Amino acid sequence: MKNPDDKLVKKAKMGDSGAFGKLVKRYQNKVLYLAYDLVGNYYDAQDVAQNAFYQAFKNLPFFKEQSTFSTWLYRITTNAAIDFQRSRKRRQAASLNQPMSENKEDRELIDTLKDSAKPFDKKVEDLDLKELIRKTTESLPPQQRAAFVLKYFHDKPTEDIAEILNCDPITVRGHILRATLKLKKQLKAEK
Amino acid sequence: MKTCAKQYQIVDYFFDELNEIQKNEFEKHLANCEDCRNYFESFFSTAALIKEQKRIKPKPEMLDLYYQALKTKYPTRKKFSFRAKDLLDFLIIKPSFPIRIAEAAVLLMIGIFIGRATIWKAEPVQQFTNGNGYAASHVSELILNHYLQETEMILLDVVNTSPDEDDQVLLSFAQLAQYGNLLQKTSLCRSKAEETNDEKLIMLIDDIELILLEICNIEQRTLTEKANEIREQINESNLLFEIKNFTGKEI
């Protein structure tokens, strides 16, 4: 079956900026959520997503169409997020003496507590689990984290994840197994 | 620690990525392999818990800003520009269907224009020469013959009408000469004859013009008298003979 992106990709490669705009519109949410799942907050995720689209736009003429546009864009976003995390770690290491009270993630959690229609206890419980997952995933090596996120939160098939991460499907399965069991350990420790 | 080779299939099994045969094989394996079974049970509960987690939604105003930023950088509509490359794409490389039709029409019109100017160019006026030496260069044979035949017809009718015939018949000749634009044709043929300096033809046309003027100016009150004069003039000038002579017909 023909991929619905193919026509737009061909047009965009020929220099049709409108076609690329349509592709951006089609993937803006997916890219933002993947960036969020990888960097952990929407403020940084927004920058990562915009950077990913910029990289895609810049490198589109070199896109050989051996994989689908979606897989290619996911790969770019994953790489952009990994690069961002690395540079953030460096920044954090450079400013360890600064207070962490202005943490953006904290603000997001407070917003969720305000907005949600669930009972407060349930909300706290959900947030605790979410926070635990987030913290555990943050501690994972970049590739393992990306495999974990793509599998659990983006429902990507193992083969596609292997293509996105440019590794073997067996490696992807190993990443997912190890990340899941690590989370299980963390959950046990929390209880 | 030695691990089972089938252990990695736990992920595919959980995420439903095995086909029916692989699924059955793995289930059989799970029943027999205690290591895998323990691993699977340990994996399954946590994986199910993670999978049902929903991600925190972004704030709408943040989302709006994000969409707006992308829309500004990457508009969904192509901007119109006057760049030469765009114009080339629009007209030649990637023309739309209506543009192709318009281009075909323009090409057809250009073709017709060139064709008419070269291939189907009007034939040059041929030199008209009759058997008696009248050379009417540059005067179309067709026009001149037609003019002379019309004139001959009128003059014959005038000559052959007897004085005692109905006056109205004579008047109708005058009208016929006027409606047939014979005087205009006379001046056209004369100017063409002047171009070729054909003295004989010029003289003949002058005589015809004189008689035609007389016929056209005929009036009701002097009809009979004038008609007789005209008949005499035609006979005296031998005009009919000259015309016959010119067109090469038998008198």
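From a predicted model like this one, the values you see are computed outputs, not experimental measurements. A, B, ... follow the sequence lines: proteins, then strands. Residue 1 opens every chain.
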Step through the shown structure and confirm whether more than 12 heavy atoms of other residues, nucleotides or ligands are within 6.0 Å of CD on B:Glu61. yes
Taking NZ in A:Lys156 as the centre, count heavy atoms belonging to other residues, nucleotides or ligands within less than 6.0 Å. Is the count above 12? yes
Are A:Arg173 and B:Glu17 close enough for a salt bridge, meaning some N to O gap below 4.0 Å? no
Evaluate the side-chain proximity of A:Gln46 to B:Pro58: yes if any heavy-atom separation is below 4.5 Å, no if none is. no
For chain B, which of A:Tyr33, A:Phe20, A:Phe148 has the most heavy-atom pairs under 4.5 Å? A:Tyr33
B:Leu70 side, atom CG; A:Tyr27 side, atom OH - distance, nearest 0.5 Å: 15.0 Å
Please tabulate, one pair per line, all N/O donor-acceptor pairs under 3.5 Å involving side-chain atoms of residues 49-64 of chain A, not counting sequence neighbours.
residue: A:Gln50; atom: OE1; partner: B:Lys73; partner atom: NZ; Å: 2.9
residue: A:Asn59; atom: ND2; partner: A:Gln55; partner atom: O; Å: 2.9

Greater than 12 external heavy atoms within 6.0 Å of B:Leu107's CG: yes
Taking the side chain as every heavy atom from C-beta outward, state whether B:Val11 and A:Val172 have any atom pair closer than 4.5 Å. no
Could you list the residues that satisfy side chain to side chain donor-acceptor pair (under 3.5 Å) with B:Tyr66, not counting sequence neighbours? none
Is it the case that more than 12 heavy atoms not belonging to A:Lys184 sit under 6.0 Å from its NZ atom? yes
Return the NZ to OG distance between A:Lys188 and B:Ser42, rounded to the nearest 0.5 Å. 6.5 Å
When rounded to the nearest 0.5 angstrom, what distance separates OH in B:Tyr74 from CD in A:Gln28? 12.0 Å
Side-chain contact, heavy-atom cut-off 4.5 Å: A:Tyr152 with B:Glu52? no
Do A:Leu177 and B:Tyr8 have side chains that approach each other closer than 4.5 Å (heavy atoms only, starting at C-beta)? yes
Given that the side chain runs from C-beta out, which part of A:Leu23 has a heavy atom under 4.5 Å from chain B: side chain, backbone, both or neither? neither
Identify which of A:Asp155, A:Leu183, A:Asn29, A:Leu32 forms the greatest number of heavy-atom pairs closer than 4.5 Å to chain B. A:Leu32
Is it true that, when you exclude B:Lys6 itself, more than 12 heavy atoms of the residues, nucleotides or ligands shown sit nearer than 6.0 Å to its NZ? yes
With a 4.5 angstrom heavy-atom cut-off, is it the side chain or the backbone of A:Arg26 that approaches chain B, or both, or neither? neither
Take B:Tyr39 and A:Leu181, measure what side chain to side chain contact (heavy atoms under 4.5 Å, CB included) needs, and give me the verdict at the end. CA-CA 9 Å; B:Tyr39 214 69; A:Leu181 294 175; 3.2 Å; yes
Do A:Thr180 and B:Ile50 touch side chain to side chain, with heavy atoms closer than 4.5 Å? yes
Give, for atom CG of B:Asp12 and atom OG1 of A:Thr158, the distance between the pair rounded to the nearest 0.5 Å. 4.5 Å
For A:Lys151 and B:Phe14, run side chain to side chain contact (heavy atoms under 4.5 Å, CB included): C-alpha distance rounded to whole Å, both residues' side-chain angles, the deciding distance at 0.1 Å, then the answer. CA-CA 11 Å; A:Lys151 182 50 103 182; B:Phe14 177 80; over 6 Å; no
Taking atom CD1 of A:Ile133 and atom CZ of B:Arg55, what is their separation to the nearest 0.5 Å? 12.0 Å
More than 12 foreign heavy atoms under 6.0 Å from NZ of A:Lys13: is that the case here? yes
Which bit of B:Phe15 is near chain A, if near means a heavy-atom gap under 4.5 Å: side chain, backbone, both or neither? side chain
